[in-house]
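The structure under discussion appears below in the form of structure tokens.
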Amino acid sequence: MGSQGGFYQSKEFLDLVKSIGEARSKAEEDRIVLSEIETLKRRISEPDIPKRKMKEYIIRLVYVEMLGHDASFGYIHAVKMTHDDSLLVKRTGYLAVTLFLNEDHDLIILIVNTIQKDLKSDNYLVVCAALNAVCKLINEETIPAVLPQIVELLAHPKEAVRKKAIVALHRFYQKSPSSVSHLVSNFRKRLCDNDPGVMGATLCPLFDLITNDVNSYKDLVISFVSILKQVAERRLPKAYDYHQMPAPFIQIKLLKILALLGSGDKQASENMYTVVGDIFRKCDSSSNIGNAVLYECICCVSSIYPNPKLLESAADAISRFLKSDSHNLKYMGIDALGRLIKISPEIAEQHQLAVIDCLEDPDDTLKRKTFELLYKMTKSTNVEVIVDRMIDYMISINDNHYKTEIASRCVELAEQFAPSNQWFIQTMNKVFEHAGDLVNIKVAHNLMRLIAEGFGEDDNTADSQLRSSAVESYLHILGEPKLPSVFLQVICWVLGEYGTADGKYSASYITGKLCDVAEAYSNDETVKAYAVTALMKIYAFEIAAGRKVDMLPEVGFQALDYKFILCKCILIAVFDVVDYLHLLQRAYELQAVIGLDAHAVESIMPADASCEDIEVDKALSFLNGYIQESIEKGAQPYIPESERSGMLNISNFRNQDHHEASSHGLRFEAYELPKQTVQARIPPASLASTELVPVPEPMYPRESYQTTTVPSVSSDAASTELKLRLDGVQKKWGRQTHFPSTSTSNSTSQKTVNGITQVDGSNTANSRTRETYDSRKQVEISPEKQKLAASLFGGPSKTEKKSATGHKSSKPSSHMVKSHAPKSSMEVASEKTSPVQQPPDLLDFGEPTVKTTAPSLDPFKHLEGLLEPTTQVSSAVNHSSTAAVTKSPDIMGLYTETPAGAHHKDNDILSGLSNPPMTNMVGGTTAMQVAQSSKGPNLKDSLEKDALVRQMGVTPSSQNPNLFKDLLG
Amino acid sequence: MIKAVMVMNTQGKSRLAKFYEYLSVEKQQELIRGVFSVLCSRAENVSNFIDAESIFGLDSRLVYKHFATLYFVFVFDSSENELAVLDLIQDVLPSVFVETLDKCFQNVCELDIVFNYSKIHTILDEMVFGGQVVETSSSEIVKAVEEISKLEAASNAISLIPKSASGWRSR
């Protein structure tokens with residue numbers, strides 16, 4: 001055994017490891033492992049195995065599983081080992097089960113009991129082993145079984161146990177916040193533990209808690225600052241020093257927490273300035289860990305309310321990072337720069353050459369980080385360079401995940417900052433060409449809309465120029481062999497709409513190209529459908545213009561292809577049918593349109609009408625005349641369904657008794673459960689009963705609901721209120737989204753922040769460092785790089801708002817502007833003069849006098865805080881007991897679901913009414929025809945098709961309304 | 001929090017894998033392969049950080065260190081500091097290994113890792129617990145590990161008499 005102490009292993013195991021290590025191929029390794037599994041299977045089930053042997057078998061099993069083979073046959077033996085008295089065997093058992101099992105495994109139930117027992121053990125190592133298993137194997141349902149013991153262990157004499165108990169509690173919080181929400185105060189208490197290690201461990205859960213709810217921990221700012229101060233002043237035991245840094249890992253965690261607490265909070269931030277400044281000064285930037293702390297300081301400074309002096313130190317630290325030869329430090333520097341330019345955009349300029357070096361570095365990680373930085377600092381003066389670079393990089397990589405990301409960033413930047421329409425179209429073409437299948441389909445729709453609507457200016461010639469340049473570039477691109485489907489859809493649509501608009505290309509040329517597309521991508525039904533529609537448009541324009549259409553044979557083929565398609569429809573499963581039916585419908589339409597005369601065609605397919613709004617007459621008022629006529633002829637007037645079913649008033653949906661009395665005498669369902677008195681429960685119950693009661697009209701529940709919207713408002717209101725609650729909670733847990741674009745947000749804010757008073761000093765410092773950097777680099781800088789730098793950073797350094805005026809499609813980012821507190825410089829100045837409050841030396845390890853924990857902390861208050869951020873809501877529900885609190889979300893869930901469901905149905909009906917094919921069926925008057933005209937389909941044909949579609953049980957219009965909308969305007 | 005710790009050799013064979021969230025064996029293998037394919041394509045003298053979002057999902061970073069024939073890999077989220085984790089790998093872990101394995105780390109080879117399989121797990125458990133870094137002082141870790149092995153050896157010596165499997169079952 002020798003130096004291996006208790007970790008004994010037999011020769012057999014060593015041989016196994018050796019032979020696997022020497023295996024030359026995966027197949028050989030697999031063979032060895034499989035024979036090992038056979039051996040183990042046989043051996044492990046033998047009776048009376050010595051424990052030491054058993055332990056080794058289990059370790060071998062773990063090893064086998066790590067190599068990717070199934071070792072589940074031995075799980076039960078590992079579980080058995082946890083029951084053993086011997087520490088060695090028990091620990092091995094726990095190690096194995098934590099590696100083998102997940103928290104929902106069937107065998108867990110056998111372990112929970114042992115864990116409970118072991119948590120009470122006198123031997124702290126047994127307790128630690130059990131805690132280890134607790135972290136990994138206890139799930140939401142089993143938490144209550146061990147929770148009391150874990151809480152007890154928080155006061156265990158051994159610091160190692162306290163530490164692990166805290167982590168276990170933190171784990172519970174991560175798995176199910178509600179299960180331990182009444183215990184969060186324990187974390188506050190442990191913050192003043194005698195042992196700095198335990199205190200450090202407490203920072204992890206506190207970090208999580210503060211991330212989720214900053215406001216309830218603002219009172220701890222002073223304590224955190226004072227702890228950090230003591231750590232930085234080396235008041236902790238020497239054992240916590242690491243590379244001459246006092247407890248750097250604790251410093252890092254504290255700085256992270258302070259960054260959260262000080263974000264957008266001037267008062268809290270003021271408490272931090274001194275200590276963060278001290279750390280900046282004291283940090284040893286020659287060691288890795290010193291730089292880690294420095295980096296964390298920069299993050300903190302860029303997150304809290306800005307302080308010019310600290311920003312200056314941060315900028316200095318960043319320039320040291322960027323000048324370093326270590327790629328790791330450069331990476332950190334770029335990341336830190338990305339954070340700092342949100343507050344002071346001008347500092348990017350002094351590092352331009354360093355940034356370009358990083359961009360051209362062979363290190364992929366560094367390159368990506370730099371692209372992230374560039375993305376944050378894009379403005380309209382440098383967008384062309386940045387996006388071009390991004391696209392070049394995008395083309396060069398194979399990683400689909402990153403490709404998607406960078407493509408969507410390109411699109412976003414192009415939409416926001418495009419200097420010209422031409423450039424925009426070209427950029428989008430490149431993105432589509434190289435990452436077409438990865439970009440969101442919405443991007444394609446946006447592009448189509450953009451081309452159709454123009455750029456929002458009233459200048460029609462510019463729009464038509466844009467279109468013809470788009471058409472030209474697409475015709476050129478069509479020569480490429482393999483294009484992504486999304487891109488082809490855009491191309492087809494644009495060619496159909498504008499291919500012949502400027503008269504440069506003949507209809508036959510365009511149609512020829514379209515037919516080529518349909519043929520070349522014959523497997524893609526969507527592209528084909530787009531192509532056929534485009535063909536139809538072109539022909540329609542031609543006919544309308546009175547020109548003779550020379551039908552290409554291919555077109556005929558495409559159009560008549562429907563018989564073939566129909567066969568396909570029958571052959572394949574129903575859910576695939578929709579695509580084919582689209583195609584089929586289009587083919588029909590094309591045929592029908594070609595057969596019509598010029599006048600009709602023009603009214604069906606007017607040129608350049610893709611942007612016209614289509615008004616849908618939901619009341620079907622155009623049918624009034626027809627109805628009048630019928631009634632005069634003696635037809636029965638329409639009776640609303642609610643009246644037909646004999647119900648004059650079913651308005652009170654919530655009153656179940658009333659409802660039952662007025663419906664039917666006979667009931668076929670079993671007696672229902674006793675009625676709940678809780679008001680919130682009634683709506684779902686009543687809905688259920690209406691479904692069970694046989695009503696002559698199957699549509700009834702929906703319809704009647706529709707007519708009763710007014711009385712049910714109160715319940716709706718209640719439900720939305722409850723929904724609000726849930727929303728709030730969800731937002732709480734959700735990650736705070738940072739808009740990277742705030743970097744370039746508004747000039748006013750940064751001007752004032754950098755204020756009159758301080759800006760001079762920092763500026764001179766900046767320019768000094770820049771000079772030194774420049775002079776150092778001067779010799780090696782190629783003119784090419786300088787040019788790039790000038791285009792990236794050059795020009796006036798003024799920032800601008802991300803323009804919302806550019807394109808209609810660009811998403812207005814109004815709330816980005818708000819996020820960075822544009823408070824006046826006067827405030828900053830006054831901050832400086834006011835004496836910084838020296839926090840009392842509250843926390844001296846060893847003295848439990850610290851008042852960091854709010855003693856009056858009510859656990860339920862806490863729970864409320866966690867569950868609902870809005871006070872208005874908290875008043876709505878009366879929390880009198882934990883049970884009530886934990887139950888309430890359930891009730892809410894039930895309550896909110898049903899009305900929402902009903903609404904959904906409601907909407908279906910409405911949308912059904914507004915669906916073109918449906919109205920078509922009813923239609924027949926001229927008014928209808930006009931409204932429908934731009935939608936193209938011949939009425940009779942579409943009627944037929946609808947009938948067909950209905951026979952097949954599919955309604956394409958409701959299945960894929962998007963396609964229609966996008967295609968038809 | 002730390003999501004995973006892996007040790008693999010330069011041929012992609014995994015020598016140690018510890019995931020702090022449960023993953024099925026297949027998924028683990030997939031991730032290990034994914035990590036290796038990224039690692040082996042990295043040049044010398046580049047940064048030790050990798051954007052791991054394409055492998056491990058959102059908000060995941062990866063820090064690795066190459067020693068002799070082994071890669072040491074930590075995967076974690078934004079609540080950790082990359083440089084600090086790198087220090088754990090390149091300073092804390094080696095010095096713990098050196099002291100506990102009675103060897104100079106330069107000579108700690110793959111076989112030492114696998115032969116001391118359960119010991120390495122013990123070391124890691126002292127350092128990273130439930131996904132949180134709880135101990136960063138190598139001397140503390142060494143102390144804890146040695147205490148454990150001493151106690152284990154003692155308990156091992158006492159109870160060497162085997163109990164029958166049926167004895168376990170009746171418990």
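Every chain is numbered from 1, with letters handed out A, B, ... down the list of sequences.
Heavy-atom proximity under 4.5 angstrom to chain A picks out B:Gln132, B:Val134, B:Glu135, B:Thr136, B:Ser137 from residues 131-139 of chain B.
Put simply, OG on B:Ser47 and NZ on A:Lys367 are 12.5 Å apart, with the number rounded to the nearest 0.5 Å. Summarising the geometry, atom OH belonging to B:Tyr117 is positioned 8.0 Å from atom CG belonging to A:Leu95; distances are rounded to the nearest 0.5 Å. Between atom OG of residue A:Ser287 and atom CG of residue B:Asp91 there is a gap of 9.0 Å, rounded to the nearest 0.5 Å.
Contact annotation for A:His69: only backbone heavy atoms (N, CA, C, O) come within less than 4.5 Å of a heavy atom of chain B. Residue A:Leu67 touches chain B through both its backbone and its side chain, counting heavy-atom pairs closer than 4.5 Å. Heavy atoms of B:Gln11 lying under 4.5 Å from chain A are absent altogether. For a residue to count as touching a neighbouring chain, one of its non-hydrogen atoms must lie under 4.5 Å from one of that chain's; by this rule B:Val63 does not touch chain A. Heavy atoms closer than 4.5 Å to chain B are found in the side chain of A:Leu329, but not in its backbone. Heavy atoms closer than 4.5 Å to chain A are found in the side chain of B:Leu86, but not in its backbone. Proximity to chain B (any heavy atom under 4.5 Å) is shown, for A:Met66, by both the backbone and the side chain. Residue A:Tyr94 does not touch chain B at all, counting heavy-atom pairs closer than 4.5 Å. Heavy-atom distances place the side chain of A:Lys136, and not its backbone, under 4.5 Å from chain B. In this structure, chain B has a heavy atom under 4.5 Å from the backbone of A:Phe100, while its side chain stays farther away. Contacts between B:Ala84 and chain A at a heavy-atom distance below 4.5 Å involve backbone atoms as well as side-chain atoms. Within the 4.5 angstrom heavy-atom criterion, no atom of A:Cys299 approaches chain B. The contact between B:Asn45 and chain A is made entirely by backbone atoms, counting heavy-atom distances below 4.5 Å. Interface remark: B:Glu26 contributes no atoms to any contact with chain A (heavy atom separation under 4.5 Å).
Comparing A:Gln174, A:Lys369, A:His327 by heavy-atom pairs within less than 4.5 Å of chain B, the highest count is held by A:His327. Listed options B:Met1, B:Gln29, B:Lys18 were ranked by heavy-atom pairs under 4.5 angstrom with chain A; first place goes to B:Gln29. Put simply, of A:Ile252, A:Asn132, A:Leu366, the one with the most heavy-atom pairs under 4.5 Å next to chain B is A:Asn132. Across B:Arg15, B:Gln90, B:Glu126, B:Glu140, the residue that shares the most heavy-atom pairs under 4.5 angstrom with chain A is B:Arg15. Ranked by heavy-atom pairs shorter than 4.5 Å toward chain B, the options A:Val62, A:Asp364, A:Asp325 are led by A:Val62. Of the listed residues (A:Asp335, A:Asn400, A:Asp399, A:Thr404), the one with the most heavy-atom contacts under 4.5 Å to chain B is A:Asp399.
Within the structure, every pair that satisfies the ring pair (Phe, Tyr, Trp, His ring centres under 6.0 Å) test and touches residues 30-66 of chain B, not counting sequence neighbours, is listed here: A:Tyr331-B:Phe49, B:His66-B:Tyr71.
Judged by distance alone, the side chains of A:Tyr402 and B:Asp51 never bring a donor and an acceptor atom under 3.5 Å apart. Between the side chains of A:Thr365 and B:Arg42, at least one donor N or O lies within less than 3.5 Å of an accepting N or O.
Counting only heavy atoms from C-beta outward, the side chains of B:Tyr22 and A:Asp104 never approach each other to under 4.5 Å. Within the 4.5 Å cutoff, side-chain heavy atoms of B:Glu80 are placed close to those of A:Lys253.
In the displayed structure, B:Lys143 atom NZ is contacted under 6.0 Å by at most 12 heavy atoms of other residues, nucleotides or ligands. Enclosure of atom NZ in A:Lys26 by more than 12 non-hydrogen atoms of other residues, nucleotides or ligands within 6.0 angstrom is indicated.
Checked by atom type and distance alone, the side chain of A:Asn288 never pairs as donor or acceptor with a backbone atom of B:Asp87 at under 3.5 Å. Remark: side-chain polar atoms of B:Lys13 are not paired, donor with acceptor, to backbone N or O of A:Glu29 under 3.5 angstrom. For the pair A:Asp363 (side chain) and B:Val46 (backbone), a donor-acceptor distance under 3.5 Å is absent.
Here the closest heavy-atom approach between residue B:Asn81 and residue A:Lys256 is recorded as N-CE, 4.3 Å. The minimum heavy-atom distance between B:Ala17 and A:Leu99, with the atom names listed, is O-CD2, 4.3 Å. Smallest separation of non-hydrogen atoms from A:Phe207 and B:Ser79: CE2-CB, 3.4 Å. Of all heavy-atom pairs between B:Ser118 and A:Ile59, the closest is CB-CD1, 3.5 Å.
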